[in-house]
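Data block below; observations after.
What you see below is based on every heavy atom in this structure, not just the backbone, and it leaves out hydrogens, waters and symmetry mates. Please read all numbers here as calculations on a predicted model, not as lab measurements. Here is how names work: the chains are called A, B, and so on, in the same order as the sequence lines, proteins then strands, and each is numbered from 1.
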2 protein chains.
Amino acid sequence: MRVTIAEVARRARVSKTTVSRVLNNKSDVDAATAVRVREVIAATGYIPSAGAVSLAKGRTRLVGVLVPALSPPGIGEVLQGVADVVEASDHSLLLSTTNRGADSLERFTRQVRAHAFDGLLLLDPPAAVTDNSALRDSDLPVVVIDGARAPFPSVAGDDAAGAAAVARHFLSRNRRRVAVVTGPGDRATARLAGFRSVLGEAGVPFADDRVAEAAFTAGSGRSAVRRLVASGLVFDAVFACDDVVAAGVLIGLREAGRAVPDDVAVAGFGDLPLSAFTQPPLTTVRRPLRALGEAAARRLLGKLLGDAGETPLTGPTVLPTDLVVRASAP
Amino acid sequence: MRVTIAEVARRARVSKTTVSRVLNNKSDVDAATAVRVREVIAATGYIPSAGAVSLAKGRTRLVGVLVPALSPPGIGEVLQGVADVVEASDHSLLLSTTNRGADSLERFTRQVRAHAFDGLLLLDPPAAVTDNSALRDSDLPVVVIDGARAPFPSVAGDDAAGAAAVARHFLSRNRRRVAVVTGPGDRATARLAGFRSVLGEAGVPFADDRVAEAAFTAGSGRSAVRRLVASGLVFDAVFACDDVVAAGVLIGLREAGRAVPDDVAVAGFGDLPLSAFTQPPLTTVRRPLRALGEAAARRLLGKLLGDAGETPLTGPTVLPTDLVVRASAP
DNA sequence: CTGAAAGCGCTTACAG
DNA sequence: CTGAAAGCGCTTACAG
């Protein structure tokens, strides 16, 4: 038999109103009464029904998180940062994916309309999500992680600066004949741009024949670097837009008989768990995944909890990235 | 202005009761009336409030998932399997971690008592969770993933069989002087036992001096194998209880001047993303992570949806593991 | 086939 | 300091 507020009130010989007041720490309750009520609560193990409270208060204490999928590397780190902050603020995480295409979007729209959560975190959202009219029309607080999508505030790592650090690292080691294996999407584009800007400033030649396209897989990185080799291009350093791609580049170079790092230095992006175990281990850019999740959650909760102060919930927040130097590009 | 069932009823000139009947697809509604109601629903974009529905029905359509942490490799895969099934069944995922110790457990207890979800999935739960009295006292349907914890039904991979497959693989390649780097916990124990059983049947000597202890880190695997080398033990194969540990073993052997696989074959466990990129790539045991999540979610939802049939929600379900042969132990 | 009323378990003015 | 009543937005017997 589930114990309700009515039961607690009966046992403590007060009204439900008074029990509610004690529960919510309202000040105007007689001390002795409060003690009595608390005793009953403790004795019965009473906990208010989450559903009833949220219906009455109009707030669910739920934070929605929408992710493209859960299996890609790095997602877990971001989510852990989110979870730590959300849980510490006495909220819970309602996790959804867009892994199932149109059906996922339909579900998402319903959740927004059903007021299933008080605020929403969007991890690397597709345009179909940020353009969603149910979302646009709602006054739901939203923070985008890892991708800027107007008109929503966002939190992202400084990929361009990370890529620029790689370029400076190459130049400082006198690797001036650089090649890039890039990928599809905004992410890779920003990295390529950051990398390129440093070369431009340094007056290092960097034409389009030094760029090969790849998807975000090792096999794709491997064949991209093979194409570079086959093209006759002379290069002593390769920057890959992603560590998995870089791992493929390593394999491709080995197959082509180029020694890393002696003949060619290689750097990746992301600092995945595997990057420390490639042969040689990868020089790469570490993204502040956990901090990204924490910062986004903090901004959202600040809004939900009505912190009118400090960080207004608008505009982008950019978190720094770090160059991690390992043997592939010492 | 949020549109409610009352508003829909008013516009469709029917009672809330009738709207509710249409919403829930009750059969006894006049066809024309139903059409009219549906038109109003479509025109207003009305979606029932999730909170109100769950309070009235006594069901939240939420599935709780408790995980130790989100960053370890493999968790995301399991969660993806869970999410796919849960979302396809028109439920949502309430995700919590025990990452914050006692506070996490306290929160968990509150959620159980507050009826925050209709059913619960426990991923590799600590005893503190499965012994929790709020959980024991509740009649909440529970399924444990990746760890058997009476009295709850469970879904797990057949680790012992996977380890046995490794042992048979070693023996089939005539590697009979085997060593093991094991780890703490039930998981590693089961693997060691499965491995050992095959050796026993084959009459291959395997004393305790062939076992080194490690934690679940590469550094720990590296020093464990160094100890084996330093002990003067002669071995031509190493089975590590985990791929990260095996990656460390690879490093330790290289440092000790032992060639893999020529001098020593190495196998790990888990088939992590990094395992394909070590040098040489790791022979290992693939765990059915996604399928684990799917199977657990299906069992739980079967119970929630009242499928009185097929899979009763009791006892363990065991899913097969696969040997993945790569260059470290061809 | 349809609706008025009670109920789910809380909170919140309002009145005292 | 305290309680009766209304309300949050639905669903569900019950009666017609």
Side-chain angles (χ1 to χ4, degrees), chain A residues 1-38 40-41 44-62 90 110-118 138, chain B residues 1-38 40-41 44-62 90 110-118 138:
Chain A
M1 194 54 235
R2 179 168 175 62
V3 24
T4 67
I5 196 173
E7 173 70 8
V8 173
R10 203 178 54 70
R11 296 208 199 187
R13 306 185 173 287
V14 294
S15 68
K16 295 187 297 176
T17 307
T18 296
V19 176
S20 176
R21 276 194 270 256
V22 172
L23 250 17
N24 292 284
N25 296 311
K26 308 278 186 193
S27 50
D28 38 357
V29 178
D30 180 80
T33 309
V35 167
R36 187 151 37 93
V37 171
R38 276 188 231 284
V40 174
I41 289 174
T44 54
Y46 169 68
I47 300 280
S49 150
V53 173
S54 66
L55 180 57
K57 288 193 170 169
R59 281 179 274 111
T60 58
R61 297 197 81 81
L62 253 32
D90 198 27
R110 288 187 69 89
Q111 290 193 318
V112 169
R113 286 232 164 81
H115 268 218
F117 31 68
D118 295 343
S138 77
Chain B
M1 193 55 234
R2 180 170 173 62
V3 24
T4 68
I5 196 173
E7 174 69 9
V8 173
R10 203 177 54 70
R11 295 207 199 189
R13 307 185 173 285
V14 294
S15 69
K16 295 188 295 176
T17 307
T18 296
V19 177
S20 177
R21 275 194 272 255
V22 172
L23 249 17
N24 293 283
N25 296 310
K26 307 279 187 194
S27 50
D28 37 357
V29 178
D30 178 80
T33 309
V35 167
R36 186 150 39 93
V37 171
R38 276 188 232 284
V40 173
I41 289 174
T44 54
Y46 168 70
I47 300 281
S49 150
V53 173
S54 66
L55 180 57
K57 287 193 171 170
R59 280 178 275 110
T60 59
R61 297 195 81 82
L62 254 32
D90 199 27
R110 288 187 68 88
Q111 290 194 317
V112 170
R113 285 230 165 81
H115 267 218
F117 30 68
D118 295 343
S138 77

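Between B:S20 and the phosphate of D:dT11, there is a side-chain N or O to OP1/OP2 separation shorter than 4.0 Å. A sub-4.0 Å separation between OP1 or OP2 of C:dT12 and a side-chain N or O of A:K26 is present. OP1 or OP2 of D:dC8 has not a single side-chain nitrogen or oxygen of B:S49 nearer than 4.0 Å.
Relative to the side chain of A:K57, the nucleotides D:dC8, C:dT11, C:dT2 differ in distance, and C:dT11 lies closest. If you check D:dT11, C:dT12, C:dT11 against the side chain of A:V53, the one that comes closest is C:dT11.
Taking atom NZ of B:K16 as the reference point, atom P of C:dG3 lies 13 Å away to the nearest angstrom. What separates CZ of A:R21 from C1' of C:dC14 is a distance of 11 Å, to the nearest Å. Counting to the nearest Å, the C1' atom of C:dG3 and the CZ atom of B:R10 are 17 Å from each other. We find that CZ of B:R59 is positioned 13 Å from C1' of D:dC10, with the value rounded to whole Å. A:I5 places its CD1 atom 12 Å from the P atom of D:dG3, with the value rounded to the nearest Å. As rounded to whole Å, 22 Å separates atom P of D:dC8 from atom CZ of A:R61.
Taken to the nearest 0.5 Å, the CZ atom of A:R110 stands 7.0 Å off from the CG atom of B:D90.
Across all strands shown, A:T33 has heavy atoms under 4.0 Å from sugar-phosphate atoms exclusively, and none from any base. Note on A:D30: only backbone sugar-phosphate atoms sit closer than 4.0 angstrom, heavy atoms only; bases stay farther off.
Scanning atom types as modelled, no donor and acceptor separated by under 3.5 angstrom connect the side chain of B:T17 and the base of D:dT11.
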